[in-house]
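What follows is a single structure, written as C-alpha cells, with notes after it.
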Amino acid sequence: MESPASFTLRQALRTRALWQFLVIGVMVSFSQLLVMTHLIAHATDRGLSPVLAATFVSVIGVSNMAGKLVMGLISDRIGRRASMTFSFALAGATLLWLMAARDVWAFYVFAAVFGFAYGSWMPMFPSLTADLFGVASIGTIYGIVRAATSLGGAVGAYAGGYIFDLTQSYNIAFLVGTLLLAAGIALMVTLRQPP
C-alpha cells in the first residue's frame, strides 16, 4: 500500500474508507470482548471448574503476545490488510471450534489460537490507520477508530450475556461473533486507499 498524503480528521470523515474501517473495528471487537467476557462462564457451563476455566484466559494472554510479535513482523512484509484478514479468519474458525469444545485440551487449543489471532490484529489497527490516512492527524483519526472498537467490545460483552439469558447457551452468541468476523473479512478485502 502506498503511503498516502496525510488527511485531517475532517477529510478522513468524508471518506468511505474510514467508515468502512470503523465498522470493521466494531465487528471484530464485538467478537473479541464477547469471548473474553464469557469464556469462563461458557467453560463452567460445559462442566469445567472455574479455576481451570480461568487458566484459559491466561493462555489467551500469553498467546496474545506471540500474535503481536509474529504477525507484526509478517504484516510488515505482506501488508496490514492481508494480515488482518488472516487474523479474522483464524479467530472465526476458533469460535466454531469453541462451540464444539467439551474437553480441557480443546479449550486450551482454542485459547492458544484465539489469543494469537486477536493479539495479532490489535496492533495492526493503528498501523493500518496510518497506512490509509497518513500520520499528520493520526492521533485524532485513530482515536475515532479506537472509540469504534471500544463500542463494539461493549456491545459484544453485553450481547453475549443477553443471548445466553434468552437461549441458555453461548453457542448462538459465538455464531454471531463468527458471522461478524466473516463480515469483517469481506469489508477488509474491499477496503481501498482513500483518494
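We use all heavy atoms of the structure for the numbers below, so side chains are in, but hydrogens, waters and symmetry mates are not.
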Counting only N and O atoms by type, is there a donor-acceptor contact under 3.5 Å from the side chain of [X] to the main-chain atoms of [Y]?
| X | Y | result |
| --- | --- | --- |
| Ser6 | Ala136 | yes |
| Ser31 | Gly177 | yes |
| Gln193 | Asp131 | yes |
| Arg192 | Val189 | yes |
| Ser29 | Val26 | no |

State yes or no: do [X] and [Y] share one hydrophobic cluster built from I, L, V, M, F, W and Y residues joined by side-chain heavy-atom distances below 4.5 Å, directly or via other members?
| X | Y | answer |
| --- | --- | --- |
| Leu96 | Val28 | yes |
| Leu73 | Leu69 | no |
| Trp105 | Val57 | yes |

(Q) For a quick check under 3.5 Å, do Thr149 and Gln32 share a side-chain donor-acceptor pair by atom type? (A) no

Q) When you look at Phe107 and Leu98, which way does the side-chain contact (heavy atoms from CB on, under 4.5 Å) test go after all the steps? A) CA-CA 7 Å; Phe107 277 92; Leu98 180 60; 3.6 Å; yes

**Q.** Residue pair Leu191, Leu128: steps toward the side-chain contact (heavy atoms from CB on, under 4.5 Å) verdict
**A.** CA-CA 11 Å; Leu191 183 64; Leu128 186 53; 4.0 Å; yes

Q) Under the side-chain contact (heavy atoms from CB on, under 4.5 Å) criterion, do Phe114 and Leu90 qualify, and how do the steps go? A) CA-CA 7 Å; Phe114 180 80; Leu90 190 58; over 6 Å; no

Q.
Once you measure the plane-to-plane angle for Tyr170 and His38, does it fall in the parallel (<30°), tilted (30-60°) or perpendicular (>60°) bin?
A. tilted

Q: Quick one: sort the Tyr158 and Tyr162 rings into parallel, tilted or perpendicular, breaks at 30° and 60°.
A: parallel

Q) Would you say Leu52 has more than 12 foreign heavy atoms packed within less than 6.0 Å of its CG? A) yes

Q.
Would you say the ring centers of Tyr142 and Phe133 fall short of 6.0 Å from each other?
A. no

Q: Using the salt bridge (Lys or Arg N to Asp or Glu O under 4.0 Å) rule, collect all pairs that involve residues 64-77, keeping only residues at least two apart or in two chains.
A: Asp76-Arg80

Q.
Show the nearest heavy-atom pair for residues Leu34 and Gly160, with the distance to one decimal.
A. CD1-CA, 3.3 Å

